[in-house]
Every structure is written in C-alpha cells, then in structure tokens.
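A quick write-up on the structure given underneath.
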Amino acid sequence: ENFCKMADPSILNEKIQNDTMLRALRGEPVDHVPVWLMRQAGRYLPEFRKLRESHDFFTMCTTPTLVSETTLQPLERFPIDAVVLFSDILVIPQALGFEVKMEPNVGPVFPKPLPNPDELQSRVLDVSHETCRAHLQYVYDGIVETRKNLRGRVPLIGFAGAPWTLMCYMIDGSGSEKSKGKFAQAINWLYMHPEAAHKLLDKLAREIAAHLVEQVRHGAHLIQLFDTWAGLIPPHLYAEFGLPYLKLTLDLFRAEIKDAPAICFAKGAFFALDQLSKLGFNALSLDWTIDPTWAREQVGGRCGLQGNLDPLCLHASKDKIRSEVKAMLTKFNHSSTGLKHYVANLGHGCLPSFDPEHVGCFVDAVHEF
C-alpha cells in the first residue's frame with residue numbers, strides 16, 4: 001500500500017537486548033521477573049505533563065514523534081522490561097467515524113453516541129475496513145518511529161480495546177457515572193437488541209484484530225487486549241457477548257501473526273478465568289481483586305499470568321511497597337511452575353497521583369525478588 005510508512009526491515013528484525021518479557025510469556029526460563037505498568041507513559045511523569053501542556057491528548061496520540069517520546073519516557077527513568085505504545089483504546093471508534101473528546105475529570109466523551117440500533121448499519125457496519133485502516137495509519141507510523149528510537153532495548157507492546165468495552169463507549173458515550181447506571185445503554189442492548197449487539201461486536205472484533213496485526217507488522221513485539229468493562233455484566237451475558245468476541249479477535253489475529261505473544265486483560269471477570277484461559281492467549285492479566293493462588297488454580301497451567309498489585313499501594317511508603325510486592329510474588333510463585341510464565345504489573349493503570357520514585361521502587365522490588 002503506497003501510503004504506508006513501512007518499518008525498516010533491519011529495525012524490525014533487530015535483536016532485543018532484554019527479551020525477558022517475551023521469554024516469560026512463552027513459558028521459557030527467565031533470570032528475573034519481568035515487569036511493566038499499564039499506563040506507565042502517563043500523567044504521573046513530570047516530563048509527560050510538560051508535553052501535555054502544549055498538546056491535547058489526541059494530538060499526542062496522532063503525532064509519531066510525540067508517540068515515540070512519550071512511549072519511551074518511562075524507559076529513560078526505570079529499568080522496565082517492556083514499553084507500551086502511547087495510544088488509546090478509542091482509536092477504533094474514531095476510525096469508524098465517532099468523535100471522541102477528552103474532558104477534564106470525566107475522561108473520554110462521545111458527543112454523538114449510538115444509543116439505539118437504528119443507525120448501526122450506516123454508522124458502523126457500512127464503514128469499510130479500508131477506511132478504518134487508512135485512518136489508523138498514524139498509529140503504525142508512531143510504532144515505526146518508536147522502534148527507531150527504542151534501539152532494541154526492550155520489547156514494544158501494542159494494544160487495543162476489546163469488542164465489549166468499545167461497545168460500552170460507543171453506545172453510552174461516556175463511562176463517567178460510577179453507579180449501576182454505568183454503561184446501562186450498552187447493557188440494555190444485550191437484553192433488548194441482542195442481534196444488533198452481535199453484529200456490532202463482530203464488526204468491532206474484525207477491525208480490532210486487523211489493527212493488532214498491523215501493529216505487529218509495523219514493529220510491536222507483542223499485544224494486549226483490554227476488556228476493561230468485562231466485570232459489568234453477569235457471567236451468562238459475558239459468555240455470550242464477551243468471550244466469543246475475544247476469541248474471534250484472537251483467532252483472526254493468529255491467522256496472520258503466529259509468534260507475537262498476546263495478553264488479555266478482562267478487568268473484573270474473575271468469574272471467567274477458567275474460560276479465558278482456554279481461548280489461546282499467552283497470558284491473562286489480573287486485576288487487584290483476584291488472589292494469585294486461586295488464579296493459578298483456575299488457569300491450570302494453560303497460560304501465563306500478569307499482574308496484579310493494587311495501584312493504590314504505590315501511594316504507601318517504599319517499605320510498604322516492597323513488602324506488598326514480596327507478598328504478591330510469593331503467591332504467584334506458589335506452585336510447581338514457580339515464577340515461570342509470569343509478568344509483574346499493577347492490577348490496573350498508573351494513576352496521575354503517583355510519585356515516580358514509588359514507581360521505581362515497585363520495579364526494583366520486583367527485580368530484587
């Protein structure tokens with residue numbers, strides 16, 4: 001495709017100096033526990049806030065040089081074992097033509113959501129794959145630029161939002177309500193318009209899979225799928241509208257990309273760990289409410305695990321952080337597999353209130369275990 005800014009093959013194939021994360025995800029032996037943090041390129045870093053002063057959020061996502069700079073900021077500070085692309089899960093709805101605004105203290109807002117199925121065909125299903133692909137080129141350009149500046153130090157993680165989570169935003173327009181009303185419209189669709197919901201989720205799965213494939217083709221070493229709102233619906237609905245579309249996304253990705261590891265983070269879906277472990281992901285990322293020993297039993301060695309320190313723990317003293325990390329790793333270590341097939345992380349993303357020194361303490365505590 002002539003408009004493509006393709007990755008330089010010599011950069012794509014360069015040897016990674018620290019590939020601990022990839023080895024852990026393949027279940028191979030490692031000499032230390034690999035660690036990274038969700039949202040590690042973010043507002044808790046003064047250097048990130050400085051960039052953010054002169055650029056709005058989506059400008060930062062769409063400008064390759066800024067993507068590269070923000071993605072690599074945490075690596076300049078901490079000995080983390082991977083960097084995660086500075087991007088957003090909502091780039092897919094944007095590529096479908098939905099406007100997204102980042103509102104202070106609210107987060108993402110869709111001024112024109114899709115409250116009922118009437119416009120599903122015209123606004124979503126009729127949007128061609130080529131249109132989405134062309135719109136998302138800035139993401140792949142950002143990956144090419146990041147890989148150039150990463151210089152093979154650690155792996156680069158690409159990511160996307162999962163179908164159900166993207167559906168929540170597209171239908172409700174925002175997740176700012178902290179009540180049972182959170183994403184109520186999207187949940188109503190599952191009860192009242194199941195056929196339309198299936199069509200929407202199928203379309204999303206196809207675009208998400210293609211997006212993940214392109215990220216790897218342009219230089220991401222592995223990918224993570226975020227199903228942030230998995231825990232909002234009852235298990236039987238997640239079994240019908242969540243899991244099958246995670247599987248479809250992964251299967252479509254695997255049809256094109258055989259070797260790049262894939263992680264799934266289905267937040268709040270403790271009830272589905274057993275089923276999630278059978279979908280074919282290399283690892284499941286756990287939120288902080290899940291007991292690691294129990295999680296190990298649930299997944300039965302079918303895949304690895306990632307997580308799951310409570311993000312709020314990083315507000316505590318460094319001694320407290322060290323003891324919590326030690327307790328967590330001891331639990332993940334509790335079995336015949338030892339700490340093989342494991343990546344340390346938080347149970348959700350970094351918070352703007354974090355002290356970077358405490359993030360550094362978390363990283364060091366993992367490496368010293």
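Along the sequence shown, the residues carry numbers beginning at 1. Side chains included, hydrogens not; waters and symmetry mates left out as well; all remaining heavy atoms used.
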So, [X] side chain and [Y] main chain: donor-acceptor pair closer than 3.5 Å or not?
{"X": "Gln215", "Y": "Phe159", "result": "yes"}
{"X": "Tyr342", "Y": "Gly307", "result": "yes"}
{"X": "Thr165", "Y": "Trp229", "result": "yes"}
{"X": "Asn345", "Y": "Ser285", "result": "no"}
{"X": "Asp227", "Y": "Phe265", "result": "no"}
{"X": "Glu14", "Y": "Gly152", "result": "yes"}
{"X": "Gln17", "Y": "Arg151", "result": "yes"}

Qualifying residues under side-chain hydrogen bond (donor to acceptor under 3.5 Å, both in side chains), relative to [X], sequence neighbours excluded:
{"X": "Arg123", "answer": "Glu119"}
{"X": "His221", "answer": "Arg147"}
{"X": "Arg254", "answer": "Asn282"}
{"X": "Asp310", "answer": "none"}

Could you tabulate the donor-acceptor pairs under 3.5 Å formed by side-chain atoms of residues 197-205, not counting sequence neighbours?
residue, atom, partner, partner atom, Å
His198, ND1, Tyr245, OH, 2.6
His198, NE2, Glu240, OE2, 2.9
Asp202, OD1, Arg206, NE, 3.4
Asp202, OD1, Arg206, NH2, 3.3
Asp202, OD2, Arg206, NE, 2.9
Lys203, NZ, Val127, O, 2.7
Lys203, NZ, Glu207, OE2, 2.9

Tell me the side chain to side chain donor-acceptor pair (under 3.5 Å) pairs involving residues 256-265, sequence neighbours left out?
Arg217-Glu256

Sequence neighbours excluded, the answer for side chain to side chain contact (heavy atoms under 4.5 Å, CB included) partners of Thr59 is His55, Asp56, Thr63

Excluding sequence neighbours, so at least two apart, what forms side chain to side chain contact (heavy atoms under 4.5 Å, CB included) with Asp355?
Glu357, His358

Answer whether the closest heavy-atom distance between the side chains of [X] and [Y] falls below 4.5 Å.
{"X": "Tyr44", "Y": "Leu351", "value": "no"}
{"X": "Trp36", "Y": "Gln306", "value": "yes"}
{"X": "Gln94", "Y": "Thr62", "value": "no"}

List the residues meeting salt bridge (Lys or Arg N to Asp or Glu O under 4.0 Å) with Lys326, not counting sequence neighbours, and say none if there are none.
none

For Asp172 versus Ala184, what's the shortest heavy-atom pair and its separation?
OD2-N, 3.3 Å

Heavy atoms only: give me the nearest Ile321-Cys313 pair and the separation to one decimal.
CG1-O, 3.6 Å

According to salt bridge (charged side-chain N to carboxylate O under 4.0 Å, His left out), does anything in residues 20-35 pair up with another residue at least two apart or in another chain? List the pairs.
Asp19-Arg23

Spatial distance of atom CZ (Phe281) from atom NZ (Lys247) [nearest 0.5 Å]:
9.5 Å

Answer yes or no: is there an ion pair linking Arg133 with Glu130, defined by an N-O contact shorter than 4.0 Å?
no

Single-linkage hydrophobic cluster, 4.5 Å side-chain cutoff, Leu346 and Met38 together
yes

Quick one: do Phe58 and Leu66 end up in the same hydrophobic cluster if we chain Ile, Leu, Val, Met, Phe, Trp and Tyr together by side-chain heavy atoms under 4.5 Å apart?
yes

Taking only distance into account, with no hydrogens and no angle test, what donor-acceptor pairs under 3.5 Å do side-chain atoms of residues 75-92 form with protein atoms, sequence neighbours excluded?
residue, atom, partner, partner atom, Å
Glu76, OE2, Arg153, NH1, 3.4
Arg77, NE, Glu47, OE1, 3.4
Arg77, NE, Glu47, OE2, 2.8
Arg77, NH2, Glu47, OE1, 3.0
Asp81, OD1, Asn18, ND2, 2.9
Asp81, OD1, His32, NE2, 2.7
Asp81, OD2, Val35, N, 2.9
Asp81, OD2, His367, NE2, 2.6
Asp88, OD2, Leu90, N, 2.8

Would you call the rings of His218 and Tyr140 parallel, tilted or perpendicular if under 30° counts as parallel and over 60° as perpendicular?
parallel

Would you check if there is a donor-acceptor pair between the side chains of Ser317 and Asp319 at a distance under 3.5 Å?
no

Side chains of residues 267-274: which donor-acceptor partners sit under 3.5 Å, not counting sequence neighbours?
residue, atom, partner, partner atom, Å
Asp274, OD1, Lys278, NZ, 3.3
Asp274, OD1, Arg302, NH2, 2.9
Asp274, OD2, Lys278, NZ, 3.1

